[in-house]
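For clarity, every value in this text was computed on a predicted model and none was experimentally measured. In what follows, chains are A, B, ... by sequence order, proteins preceding strands, each numbered from 1.
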2 protein chains.
Amino acid sequence: MSLRIALLGLLSAVGPASGYDLAKKFEHSLNHVWQAGHTQIYPELVKMAADGLVEAEAEGARGRKTYTITAEGKRELHEWLAEHDPSMTIRSEPALQAFLLPLLDDPDQAIKVVERIRARYLARLEQLDCLPAEGSFGRYALSLGRAQVRTGLAWAEETLADLRKRRTPQ
Amino acid sequence: MSLRIALLGLLSAVGPASGYDLAKKFEHSLNHVWQAGHTQIYPELVKMAADGLVEAEAEGARGRKTYTITAEGKRELHEWLAEHDPSMTIRSEPALQAFLLPLLDDPDQAIKVVERIRARYLARLEQLDCLPAEGSFGRYALSLGRAQVRTGLAWAEETLADLRKRRTPQ
DNA sequence: ATGTTCATGTAAGGCGTTACATGATTCA
DNA sequence: TGAATCATGTAACGCCTTACATGAACAT
């Protein structure tokens, strides 16, 4: 259901757009919040049009279809935002690897794992830092996303220090 | 694939266990890292047994089946931990709501949304604080999980302060 | 002419959620 | 006897990923 909401939110924020545009926006502005590729977005827009949440406008150059949010779509969006209790479901592969770390007897191996996690967080942080302020629309989510990644990075640094201390007790 | 890994990790850490046990462990120790209910776990264990990663032992009382990790299972687990580049895929409903906040013109409405997010993070933090040290097996993941939740909570507090300032400019 | 970007889709298969369904054991 | 807990599963449906497939327009 949240994919719909994300699409409605983008349409509401940036105005009419094609599936292609929305896929780009996803990558550049919602990336740290929700993920979806064009193969998920195109069919979903068709369903949303069938449900009256968006309207497909006349095709333009290169088969381009422009979608616009409807009043009904805006209503659904606002209702979700105002009423929906956000689920705390989490599936984090870095955290799963962190969970499994004690299985590695060799501290050097554990260090390698954490170094890889650290590199991933770092790359992600750089990616977020390059995001355009973008009319500052996504500012709240961006500050949350950045903080979360920085937290992951800090955890990695601390854990590395800890593991290195254990490796060389003296 | 990660569900398998999580199950192999638990079996490796706590020894032979039933699907029921594993579902409980999931809830009490992997909760902030990965989520899965018994309806996902039971069929997965059957598949894993077919793939030779675990062995189902004789049935006990009340139809209980005990699973043990095999050498092949341990190999897969260690390989994943050592080689797998963790995916950064994230789908966070709180963050999606944060993203959409600027759509609300009324600051009071925005405040309500953030207050609900804050309450959810707070509840989650209390839940984590009640977790048993549990032989401290999940210690690294727990510290990461706690830090992540605290970050979300801090974001909510800051955002509330910011929104309240905007509401009453004087 | 060739490569890149724009633009759209389908299909198969796996992962995840919710609802449904059953029955034994233990404790009050 | 009745309620709670232990213990297992199936089915339907929806969400997500990966791979496949097509073609127009534009820049070099």
Counting only side-chain N and O atoms of [X], is one of them less than 4.0 Å from OP1 or OP2 of [N]?
X: B/Ser18; N: D/dT8; value: yes
X: B/Tyr20; N: D/dT8; value: no
X: A/Tyr42; N: C/dG9; value: no
X: A/Gln35; N: D/dC16; value: no
X: B/Arg91; N: C/dC15; value: no

Nearest whole angstrom, please: distance from the [atom2] of [N] to the [atom1] of [X].
X: B/Met88; N: D/dT17; atom1: CE; atom2: C1'; result: 18 Å
X: B/Glu57; N: D/dT8; atom1: CD; atom2: C1'; result: 18 Å
X: B/Lys47; N: D/dT10; atom1: NZ; atom2: P; result: 12 Å
X: A/Leu7; N: D/dC15; atom1: CG; atom2: P; result: 12 Å
X: B/His38; N: D/dA7; atom1: NE2; atom2: P; result: 13 Å
X: B/Glu44; N: C/dT17; atom1: CD; atom2: P; result: 13 Å
X: A/Ile41; N: C/dG9; atom1: CD1; atom2: C1'; result: 13 Å
X: A/Leu22; N: C/dG9; atom1: CG; atom2: P; result: 12 Å

Taking only the side-chain heavy atoms of [X] (C-beta and beyond), determine which of [options] contains the nearest atom.
X: B/Thr39; options: C/dA7, C/dT17, D/dT18; answer: C/dT17
X: A/Lys24; options: C/dT17, C/dC6, C/dA11; answer: C/dC6
X: B/Pro43; options: D/dT10, D/dT8, C/dG9; answer: D/dT10
X: A/Thr89; options: C/dG9, C/dT17, C/dC15; answer: C/dT17
X: A/Arg64; options: D/dT8, C/dG9, C/dA7; answer: C/dA7

(message) For the backbone of A/His84 and the side chain of B/Arg116, can you confirm whether one donor and one acceptor N or O come within less than 3.5 Å of each other?
(response) yes
(message) Under a 3.5 Å distance rule, please check whether A/Arg146 uses its side chain to pair with a backbone N or O of A/Leu128 as donor and acceptor.
(response) yes
(request) Would you check if the distance from the ring center of A/Phe99 to the ring center of B/Phe137 is below 6.0 Å? (result) yes
(request) Check the side chains of B/Trp34 and A/Ser92 for a donor-acceptor pair under 3.5 angstrom, ignoring hydrogens and angles. (result) no
(request) Report the C-alpha distance between A/Val54 and A/Thr68 in whole Å, list the side-chain angles of each, state the deciding distance to 0.1 Å, and finish with yes or no for side chain to side chain contact (heavy atoms under 4.5 Å, CB included). (result) CA-CA 5 Å; A/Val54 297; A/Thr68 311; over 6 Å; no
